[in-house]
Amino acid sequence: MGEGAKPENERRKFRAIKGTRDILPPATDLWNWFEKTARGVMESYNFAEIRTPIFEETELFARSIGVETDVVNKEMYTFAVGEIQRQDSLEELVEAVESAWRDGAIERTGENEQHVSKIRDIYQAVRSGAGAATAITHQFGSGVIWSQINEINRLVGELSLKLTLRPEATASVCRAYIEHGMQMLPGNTKLYYIGPMFRRERPQKGRYRQFYQIGAEVLGTSDAPAIDAELIQMLTDLLERCQVEKYMLLINSIGCASCRPKYVELLRAELRKPEIFSKLGADSQRRVETNPLRVMDSKLPEEQPIIEKLPKISEHLCEECSAHFEKLKRELTLREVPFTESPRLVRGLDYYMRTTFEITSPILGAQNALCGGGRYDGLVEMLGGPKGIKGIGFALGEDRFIDAIVEAHKIHATRPLDIFIAWMGERAYPTAVRLAHVLRDEKHRVELPAGEMKFRKALERADKLGARYVLIIGDDEIASDMLTIKRLSDGVQEKISEEALVDFFRPPALAKEGPGS
Ligand code: AMP
């Protein structure tokens, strides 16, 4: 190969990874508008933002989303570079190792297995040497124990823990709630988040491997149906604010630990009947034993007539759950939020309780779910948090919400430029620089060309950039101390003094509102 020639593979073009995409201007303006609107709506309901890390211990997601789900089974981006967290005592450290090993959070390699077994052996030796002490780190009497403790720390440091890019954020929010003792805060804690999530799904329109969610969670001791209704109303407010009118809100109640198991048994018995079982697909047949509730949300067309006739959970709720559901419906009606009951909206995990809901939009095509949510009263406790903390939340798909806004308005995102400054001549340049700064201070979007342009070229460029006004500063303007402003929509041109400039561009001349404006 000749000097300077690069091998072929060094010259290849890079592309975004399958299932990920760049969101470019002007679309980013619409994204920013949407996020600002969503923040505004959520803050008006007194929700405050939480930002959690993008990766967490794999075990957090496995436990909260459920090992039987597609998300945990097939779709998580997991890598092994995490470390076991430091603990207050040796005993707790070894217990953390044992639990991570049991749960599979530590990668099952031969080397890790040897390390874990050595840690166990040394710990046993330390314990027998130090008597039955519990707070072993404080028993520094002998040099032998010191070196054994150091050896355990070294081995623990070499164990690599599995981490996962978050496929959703509810688990992280609950983890943070517990970690920071937020149950001590007055009333229910209302948190929202905005950010990317990662799932290794088969990419298609509306389904990505890195996608964005906006979600909100209410955590606390109360599970009043008004909380559920207000959370749902917040979503319909957002849809309204975005002027997306074509959507459907589906609601259901999936009961609680006392009534759901009885219903599940009833459902299983029904599904086992040979005339029904034989008509089910392979996945549903398997789920009759593992998780019959999930047969309800099957999308297979040939199973639909069977599902229609299955017993509905809403008809088998206990008194409390039934009262909760009735109250929810009254609360929604009071708020003038239209809803449709859907017995098929189920969740397969034990900690989900009572209210579930989904918002779909017919303008979206195959991936029509805009948003999903529900109560998860048992989750905080299951993640090691205090007893009796209830929770409800939703997550909306930002990618799909944006598609719905674009569809509803038939808008093409544009990037409006407020003012293009056409300056001509050395003498005009300092004035152009100064006025650009003045107008930017006023929050206008201003383009100041870095080099001098001929008048006609400058106008052409301003037009192509979609500018609303051109501020013209040439020799004449400098000599007369008057500026020229040209409105591009109709070509109307007028002269104004520099003092009048700021007032001229104040709204309504440059009003800014609404998606795509
Ligand atoms: P889930 O956490 O699965 O209930 O999803 C909540 C919402 O996130 C869905 O209703 C979708 O709008 C959106 N969503 C889920 N998965 C994806 C994905 N792979 N790509 C784009 N949006 C998604």
Side-chain angles (χ1 to χ4, degrees), residues 16-23 27 31 34-35 38 52 54 56 60-62 64-66 68-77 164-174 192-217 231-232 234-236 238-239 242 244 246-252 254 293-294 297 299 342 344-349 351-352 355-376 379 391-408:
I17 303 294
K18 188 174 163 193
T20 72
R21 59 190 181 140
D22 302 306
I23 300 162
W31 281 69
F34 176 61
E35 286 175 10
T52 61
I54 269 168
E56 303 260 7
L60 175 69
F61 300 118
S64 61
I65 303 170
E68 287 291 321
T69 57
D70 281 352
V71 170
V72 170
N73 260 339
K74 307 185 208 151
E75 297 169 2
M76 296 211 297
Y77 285 100
T164 292
L165 294 183
R166 63 181 185 192
E168 54 111 71
T170 301
S172 307
V173 173
C174 290
Y192 76 83
Y193 59 83
I194 299 183
M197 307 295 156
F198 307 86
R199 293 183 197 173
R200 201 160 180 279
E201 295 186 271
R202 197 169 52 77
Q204 63 183 86
K205 183 166 168 29
R207 201 207 278 156
Y208 308 97
R209 290 180 165 181
Q210 173 171 343
F211 60 100
Y212 296 80
Q213 280 187 342
I214 297 184
E217 319 286 349
L231 190 76
I232 294 173
M234 185 160 93
L235 277 164
T236 54
L238 178 59
L239 284 154
C242 298
V244 175
K246 290 194 181 138
Y247 67 86
M248 190 143 105
L249 165 66
L250 305 169
I251 62 163
N252 193 23
I254 52 166
L293 266 185
R294 290 211 45 212
D297 68 2
K299 304 277 183 302
S342 167
R344 316 185 39 165
L345 221 55
V346 292
R347 304 271 151 125
L349 294 172
Y351 63 79
Y352 279 113
T355 312
T356 57
F357 58 94
E358 190 171 82
I359 295 178
T360 59
S361 177
I363 55 186
L364 280 180
Q367 302 299 320
N368 69 353
L370 271 180
C371 168
R375 274 211 158 272
Y376 47 82
L379 180 59
I392 182 166
F394 70 76
L396 69 82
E398 216 180 331
D399 307 72
R400 293 187 199 169
F401 223 98
I402 302 275
D403 284 350
I405 295 173
V406 170
E407 270 302 309

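Numbering starts at 1 and runs along the sequence shown. Order of listing sets the numbers, starting from 1, for every ligand and every atom in it.
- Between Tyr208 and ligand 1, at least one pair of N/O atoms sits closer than 3.5 Å.
- Looking at Arg199 against ligand 1, only its side chain comes within 4.0 Å, counting heavy atoms.
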- Task: Just do the side-chain contact (heavy atoms from CB on, under 4.5 Å) check on Asp403 and Lys205 with the steps written out, would you?
- Result: CA-CA 10 Å; Asp403 284 350; Lys205 183 166 168 29; 3.3 Å; yes
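- A donor-acceptor pair under 3.5 Å is formed between the side chain of Asn252 and the backbone N or O of Leu345.
- Ranking protein heavy atoms by distance to atom 23 (C) of ligand 1, first place goes to Phe211 CD1, 3.4 Å.
- Stacking of Arg166 on the aromatic ring of Phe198 is not recorded, the 6.0 Å distance cut-off and the 45° axial limit not both being met.
- Applying the 4.0 Å criterion to heavy atoms of Ala369 picks out, from ligand 1, the atoms 9 (C), 10 (O), 11 (C), 12 (O).
- No part of Glu358 comes within 4.0 Å of ligand 1, judged by heavy-atom distances.
- The shortest heavy-atom distance from Glu168 to ligand 1 is not under 4.0 Å.
- No donor-acceptor pair under 3.5 Å is formed between the side chain of Glu35 and the backbone N or O of Ala38.
- Of all atoms in ligand 1, listed by their number and element, those nearer than 4.0 Å to a heavy atom of Glu201 are 16 (N), 17 (C), 18 (C), 19 (N).
- When the heavy atoms of Gln210, Glu75, Gln213, Arg207 are ranked by distance to atom 5 (O) of ligand 1, first place goes to Gln213.
- Looking only at heavy atoms of the protein, atom 21 (C) of ligand 1 is closest to Gly206 O, 3.2 Å.
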- Message: Working note: Tyr212 + Gln210, criterion side chain to side chain donor-acceptor pair (under 3.5 Å); need CA distance, chi angles, decisive distance, verdict.
- Response: CA-CA 7 Å; Tyr212 296 80; Gln210 173 171 343; 2.9 Å; yes
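- Atom numbering of ligand 1 starts at 1 in the shown order; those under 4.0 Å from a heavy atom of Ala395 are 6 (C), 7 (C).
- Interface of Cys371 with ligand 1, defined as ligand atoms under 4.0 Å from a residue heavy atom, comprises 10 (O).
- Under the rule for a salt bridge (Lys or Arg N to Asp or Glu O under 4.0 Å), the partners of Asp70 that lie at least two apart in sequence or sit in another chain are Lys74.
- Protein heavy atom in closest approach to atom 4 (O) of ligand 1: Gly372 CA, 4.6 Å.
- Heavy atoms of Leu370 found under 4.0 angstrom from ligand 1 belong exclusively to the backbone.
- Under the side-chain contact (heavy atoms from CB on, under 4.5 Å) test applied with Ile65, the options Val71, Thr170, Asn73 reduce to a single match, Val71.
- Of the protein's heavy atoms, Gly397 CA, 3.5 Å lies nearest to atom 13 (C) of ligand 1.
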- Message: Show, in sequence, the C-alpha distance, side-chain angles and deciding distance for Glu217 and Tyr376, and conclude whether the side chain to side chain donor-acceptor pair (under 3.5 Å) test is met.
- Response: CA-CA 10 Å; Glu217 319 286 349; Tyr376 47 82; 2.5 Å; yes
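- Under the salt bridge (charged side-chain N to carboxylate O under 4.0 Å, His left out) criterion, the residue pairs touching residues 192-203 are Glu201-Arg207, with sequence neighbours excluded.
- Remark: atom 19 (N) of ligand 1 lies closer than 4.0 Å to at least one protein heavy atom.
- Checked by atom type and distance alone, the side chain of Ser361 never pairs as donor or acceptor with a backbone atom of Asn368 at under 3.5 Å.
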